[in-house]
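Down below is the structure, laid out as structure tokens.
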Amino acid sequence: MPPNARVLNVAEKPSVAKEISRVLSNGTARVREGATAWNKVWEFEHVVRGRPVTMVFTSVTGHLSNFEFAEERHRRWASVDPRELLVDARVVKRVPEDKRKTAENVKREARGCDTVILWLDCDREGENIAFEVLEACRQAKPGITALRARFSALGRGDADRALANLVQPNEYEAKAVDMRMELDLRLGAAFTRFNTLALQRAGVGLPVDDKGKSIVSYGPCQFPTLGFIVQRKWDIDAHVSEDFWSIKCSHAREGTNTKFEWSRGRLFDRGFASALHNMCARANVATVIDVDGQESRRWPPHPLNTIEMQKRLNRTLRISPEQIMKIAEDLYNDGFISYPRTETDKFPADFNYDGTLRDLHPHPQFGFYVDQLINGGRFRQPPGGGKDDKAHPPIYPTKLASEAQYQQMRAKNQHAPKVYEFVVRHFLATCSHPAIAMKTHVDIVVAGETFRATGVMIRERNYLDIYGPGPPEGPRLAPAYDNWGNSTLPLYTPGEQFVPALSLHEGQTRPPDYLSEVDLLSLMESHMIGTDATQAQHIEKVVGERGYARKVGDNRLTPTQLGEALVLAYDRMGVADMWLPTKRAKMEADVDAVAKNRLDPNAGLRAHLQAMLDAYDRVAADGLTLTTTVGAFMNGQDNAANGVGHRPMPPGNDINGNGADAFGDLIGVIRDTCPSCQGESTLRSAPGVRNSKSFIASCAVPHCMSRIAMPSCTRDIKIEQEGCGRCQGRLLTFKFSTLYLPVGYQHMQRWSGCIFCDAEFQNLLRACQAEDHPPARESPARRPNPPPVADGYGRGGRGRGGRGGAAGRRRSRAERDEGVGGQQGNCFKCGEAGHWSMNCPN
DNA sequence: GCAAGGTC
């Protein structure tokens with residue numbers, strides 16, 4: 001009998017080659033060493049498409065090839081104008097030196113095979129790697145047949161299904177990734193060289209890295225990451241503190257002083273607040289109008305994936321996501337936890353909970369809880385979230401650490417035991433029931449003003465016993481990753497009356513805090529800057545390697561002088577989209593279009609390269625702005641560095657410069673000659689939040705100070721034929737939302753006039769700006785990330801300027817009524833601190 | 001000496 005034909009199988013990572021070989025062979029696969037230490041080769045007999053074959057299963061480790069400049073002169077810095085790198089320099093995709101052995105491994109195995117089955121991850125990068133692997137195979141065996149296995153999990157059924165439904169590799173998805181890779185290389189190389197060389201030649205003193213080099217890199221992910229940090233600083237600088245007033249109401253009964261929150265939260269009008277307070281004080285009697293209670297649950301977290309691990313540990317341990325990953329990888333290599341790089345937050349159906357729990361049972365500190373799960377009937381199979389990378393399970397403990405092993409862990413890194421214990425406690429929490437509490441509220445009315453007191457009585461702590469500070473009877477666990485406080489209310493009866501203690505409280509809004517790493521990760525996630533696997537690296541690059549930002553205070557990020565100067569310089573040079581997240585978003589959208597065969601990759605490439613050339617030409621023509629701005633910052637001479645005379649610059653330059661797509665749609669010209677810049681003033685609109693629009697009047701010159709962001713309560717604007725009469729402006733007819741017009745301006749619901757010289761409109765603008773200034777937040781780290789919303793400069797809508805900057809952030813009336821910030825900050829719906837009603841989980 | 005993506 002002739003020997004079986006051999007079929008080569010290649011996975012994206014060694015773990016997948018091993019696992020698929022195991023399930024398809026029922027554990028009988030033979031293993032031998034490959035050409036590298038990682039990429040072993042598994043062999044077993046199997047039937048593919050009705051043919052008995054010998055399966056040869058090996059792997060690569062991610063991408064096999066990379067783009068580089070084809071010609072030597074383009075790889076050297078000194079010999080070429082960086083501009084050439086954008087279009088003229090030829091690029092090629094090659095196997096880099098450190099992947100040569102991996103490629104050799106694939107080639108060697110391909111020689112004896114007539115077919116290759118590509119088991120790469122089922123995403124765009126995987127499809128691209130498929131073609132890289134195929135290219136290597138074809139070099140060794142030109143006529144080899146290529147087939148793609150698409151699988152969604154690593155179970156036997158999944159592998160069988162994939163084998164029964166082999167498809168052709170998807171060329172469009174692969175080309176889309178090639179486009180991204182090429183653009184990233186050209187853009188990164190050209191602008192990095194330009195920055196570095198221009199600043200070096202100008203003699204600007206730059207920080208030196210540990211290799212003695214001063215590189216001022218530009219990267220399409222690095223700069224937006226830095227941009228978020230700088231924008232927050234500018235939001236803080238721009239914050240103008242506003243006075244607000246609120247009525248405090250409390251009542252002492254049964255030894256408890258119960259606080260009742262005013263349903264209006266706060267008011268920015270002293271006279272109005274004072275009048276309401278006087279009214280309440282004169283009445284001096286509260287009537288209970290409603291007492292109600294309902295059961296509420298607090299749910300344990302989902303099984304742990306990489307991003308959640310980074311966020312939760314960063315919040316408590318204050319170590320960087322990058323360092324967390326290093327520790328987690330060490331723990332993985334020592335067998336204490338499962339693979340720490342995973343998007344998956346749901347355990348597979350056949351996960352062995354019992355075995356995992358029994359392994360942890362003897363743990364001296366957490367064993368008591370494991371005992372309750374396995375012997376006390378308190379185990380609950382975690383339902384899991386909706387994410388699955390189809391390659392790895394969530395992160396869970398795989399081994400109990402002995403006291404000696406704890407010592408070894410600690411010797412490697414002082415934080416390692418805490419990371420391990422977090423994984424253990426998180427796993428135990430996910431296997432637990434939710435905490436249950438009775439939540440009650442008492443509503444009262446005083447002279448027509450309503451107030452509410454809320455109470456929480458915990459009935460069952462459940463997962464909080466392991467994830468919180470420990471059960472009341474001990475042991476105490478630190479740190480607490482979650483908690484739910486008890487606050488009991490005395491008995492009140494509907495209809496009863498009492499005399500409340502009332503006072504008028506005056507407060508001031510505070511600026512937001514600097515971004516935390518968790519905030520930054522969330523911003524990167526929502527704007528699709530980087531991927532799960534790279535976001536921590538981008539932060540590390542910006543904060544660590546390049547010195548564009550640094551950590552201050554309680555794990556907060558602030559730009560360094562270099563970082564702020566770079567962003568400001570790019571803004572001043574008229575290429576704000578180089579640091580805003582929008583450019584990356586556009587690129588990602590086009591990559592997606594290529595992947596779906598809706599855009600020709602060459603056309604996409606050409607369009608982006610042209611935009612890059614335009615940006616390059618602007619920057620190169622204005623190199624003096626870069627060098628003087630950065631130079632001034634490095635010498636501490638730029639007023640902007642101290643927030644003096646500087647307003648955070650919106651990307652105003654592109655409002656007129658780049659036409660309609662820069663800021664929404666052109667509505668029309670509203671003034672032929674601006675007295676400040678002599679240019680034409682136009683009115684434009686862009687989509688705002690919740691189906692609204694934002695409007696801005698702006699001029700031809702970047703940053704002309706006469707630009708006006710229309711009030712957020714604007715619903716529509718019509719340009720009239722008639723001129724102002726006093727100035728050169730045209731009359732505009734506004735429709736405002738009555739709901740959001742400030743108190744005292746309700747009569748302006750429909751208003752016609754000149755925005756440049758009408759005093760009433762100026763007053764309305766000021767009133768709206770005051771309303772739009774957000775109050776400070778008590779604890780930003782505990783707050784859900786604000787949605788991208790229009791801000792005070794009128795950059796509206798998702799993906800334009802809504803980067804969660806807080807100053808000038810538009811807040812809904814519902815939010816405003818919750819009294820977020822100051823000493824308050826409770827959700828209006830459930831009364832709990834730490835979130836708003838729009839995100840209320842209860 | 002440059003990017004971002006994959007993974008070890």
Side-chain angles (χ1 to χ4, degrees), chain A residues 11-18 34 36-40 59-69 74-80 82 85-86 89 91 93 95-96 98-99 101-102 120-121 123-133 174 176-197 200 206 208-225 306 325-326 328-330 332-333 339-343 389 391-392 524 528-538 540-542 545-546 578 583-584 587-588 591 612:
Chain A
E12 186 165 323
K13 36 190 164 275
S15 61
V16 171
K18 181 181 176 185
T36 76
W38 295 111
N39 310 110
K40 297 187 190 307
S59 58
V60 286
T61 39
H63 277 287
L64 198 52
S65 335
N66 200 2
F67 274 91
E68 56 184 71
F69 294 109
H74 289 133
R75 291 199 287 273
R76 285 201 309 268
W77 280 50
S79 58
V80 64
L85 304 177
L86 290 171
V91 294
K93 207 175 179 189
V95 176
D98 63 344
K99 289 294 171 73
K101 280 190 175 170
T102 309
L120 287 313
D121 291 0
D123 54 25
R124 282 205 297 261
E125 298 293 334
E127 215 59 36
N128 187 273
I129 298 170
F131 281 86
E132 295 172 358
V133 170
V177 172
D178 276 346
M179 179 172 94
R180 178 198 55 76
M181 289 172 120
E182 181 174 342
L183 289 172
D184 285 345
L185 172 65
R186 291 183 182 276
L187 185 59
F191 282 87
T192 298
R193 289 190 199 178
F194 177 82
N195 284 346
T196 308
L197 295 173
Q200 283 176 353
L206 296 169
V208 178
D209 69 14
D210 49 10
K211 292 172 201 146
K213 302 281 183 192
S214 302
I215 296 174
V216 186
S217 65
Y218 175 85
C221 287
Q222 286 176 38
F223 255 48
T225 303
T306 305
M325 290 314 291
K326 285 204 177 81
E329 273 162 21
D330 271 350
Y332 164 69
N333 288 328
Y339 191 66
R341 292 174 50 197
T342 173
E343 291 171 43
D389 65 11
H392 298 287
M524 293 172 76
M528 295 194 296
I529 302 299
T531 66
D532 294 40
T534 60
Q535 280 156 358
Q537 294 168 17
H538 295 315
E540 182 61 26
K541 192 131 212 165
V542 164
E545 210 174 323
R546 298 291 185 238
M578 299 289 282
K583 197 182 191 73
R584 190 67 181 172
M587 209 186 273
E588 289 287 348
V591 167
M612 288 178 193

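Each chain gets a letter, A, B and so on, in the order its sequence line appears, and its residues count up from 1.
Spacing between atom CD1 of A:I129 and atom P of B:dA4 amounts to 18 Å, rounded to whole angstrom units. Look at CG on A:L183: it is 13 Å from P on B:dG5, rounded to the nearest Å. We find that CZ of A:F69 is positioned 14 Å from P of B:dA4, with the value rounded to whole Å. With rounding to whole Å, A:L64 atom CG is found 12 Å from B:dT7 atom C1'. Between the P atom of B:dA3 and the CG atom of A:L185 lies a distance of 10 Å, rounded to the nearest Å. Taking atom CD of residue A:E588 and atom P of nucleotide B:dA4, one finds them 12 Å apart after rounding to whole Å. Distance CD (A:E540) to P (B:dA3): 14 Å, rounded to an integer number of Å. Separating the CD atom of A:E12 from the C1' atom of B:dC8 is a distance of 13 Å, rounded to the nearest angstrom.
Map A:F223 and A:A78 each onto its nearest nucleotide of DNA chain B; the residue landing nearer the 5' end is A:A78. Mapped onto DNA chain B by nearest heavy atom, A:E545 and A:S65 fall at different nucleotides, with A:E545 at the one closer to the 5' end.
Nucleic acid contact for A:D121: sugar-phosphate only, since backbone atoms but no base atoms lie under 4.0 Å from a heavy atom of the residue. Using a 4.0 Å heavy-atom cutoff across all strands shown, A:L187 reaches no nucleic acid atom at all. If you check every strand for non-hydrogen atoms under 4.0 Å, A:R124 touches nothing. Residue contacts for A:S214: at a heavy-atom cut-off of 4.0 Å it reaches a base atom on one of the strands shown. A:G126 comes within 4.0 angstrom of nothing in the nucleic acid, heavy atoms only. No contact: A:A190 has no heavy atom under 4.0 Å from any strand. A:Q200 comes within contact range of at least one nucleobase, with a heavy-atom separation under 4.0 Å. Contacts of A:P14 with the nucleic acid, taken as non-hydrogen atoms under 4.0 Å apart, involve only primed sugar atoms and P, OP1 or OP2. A:Y218 comes within contact range of the sugar-phosphate backbone alone, with a heavy-atom separation under 4.0 Å but no base atom that close.
Closest to the side chain of A:I215, from the set B:dA3, B:dC2, B:dT7, is B:dC2. Minimum atom distance to the side chain of A:D184 is reached by B:dA3, of the listed B:dT7, B:dG5, B:dA3.
Ion pair A:R124/A:E588 flagged as a salt bridge, since at least one NZ, NE, NH1 or NH2 atom sits closer than 4.0 Å to an Asp/Glu carboxylate oxygen.
Close to B:dG5, at under 4.0 Å from its OP1 or OP2, lies a side-chain N or O of A:H538. Checking the phosphate oxygens (OP1, OP2) of B:dG5, a side-chain nitrogen or oxygen of A:T534 falls inside 4.0 Å. Here A:K541 reaches the OP1 or OP2 of B:dA3: one of its side-chain N or O atoms lies under 4.0 Å away. For the OP1/OP2 pair of B:dG5 and a distance below 4.0 Å, the side-chain nitrogens and oxygens of A:R584 include at least one atom meeting the criterion. Applying the 4.0 Å criterion to OP1 and OP2 of B:dA3, one finds that A:Q222 has a side-chain N or O inside that range. In this structure, A:R546 reaches the B:dA3 phosphate: one of its side-chain N or O atoms is under 4.0 Å from OP1 or OP2. The side chain of A:S217 places no N or O atom within less than 4.0 Å of a non-bridging phosphate oxygen (OP1 or OP2) of B:dG1.
With hydrogens and angles disregarded, no donor-acceptor distance shorter than 3.5 Å links the side chain of A:S59 to the backbone of A:E12. A:R75 places a side-chain N or O within 3.5 Å of a backbone atom of A:F69 that can act as its donor or acceptor partner.
Shown here is A:K93, whose NZ atom has more than 12 heavy atoms of other residues, nucleotides or ligands within 6.0 Å.
Between A:T306 and A:D532 there is no side-chain heavy-atom pair separated by less than 4.5 Å. Within the 4.5 Å cutoff, the side chain of A:T196 has heavy atoms near those of the A:W77 side chain.
Considering A:R193, A:R186, A:H74 in turn, A:R193 is the only one that fulfils the side chain to side chain contact (heavy atoms under 4.5 Å, CB included) rule with A:P82.
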